[in-house]
Amino acid sequence: MDEVLEAAEVVADSELEGAVVWLFRVIGILLALAGLGLWLFTQAGFLWLPAVLIGIGILLAVIPGVLLELLELFA
C-alpha cells in the first residue's frame with residue numbers, strides 16, 4: 001500500500017497528473033463500453049463478466065481524479 005501512495009505522490013508532484021487521470025478515465029470508459037457491448041450484443045452466459053467490466057470501468061473513470069485531489073488536500 002505504501003508503494004501505491006508513493007507512486008500517487010510522484011504523479012501528483014509531477015506535471016503529468018492531468019494526463020494520468022485522463023488516461024485512467026479513457027481506459028475506464030473503454031472497459032465500461034466493452035462491458036455494455038458484451039451485455040447488449042452477445043448471448044453471454046456469464047452475466048457477471050459484463051457487470052464486472054462495467055463496475056471496474058466506472059471506478060477507473062472516477063477514482064483517480066478523486067485520489068489525486070485528496071492527496072493534494074492532505075499534502
Scanning both residues in full, the closest heavy-atom pair of G35 with P50 reads O-CB, 3.3 Å
Just verifying a value: how many Å separate W22 CH2 and I29 CD1, rounded to the nearest 0.5 Å?
6.5 Å
Could you work out the complete set of other residues in the hydrophobic cluster of I63, with links drawn between I, L, V, M, F, W and Y side chains under 4.5 Å apart?
L59
Please round to the nearest 0.5 Å and tell me the distance separating atom CG of L33 and atom CG of L40.
10.5 Å
For I56, which residues count as a side chain to side chain contact (heavy atoms under 4.5 Å, CB included) partner, sequence neighbours excluded?
L31, V52, L60
I54 meets the side chain to side chain contact (heavy atoms under 4.5 Å, CB included) criterion, sequence neighbours left out, with L36, I58
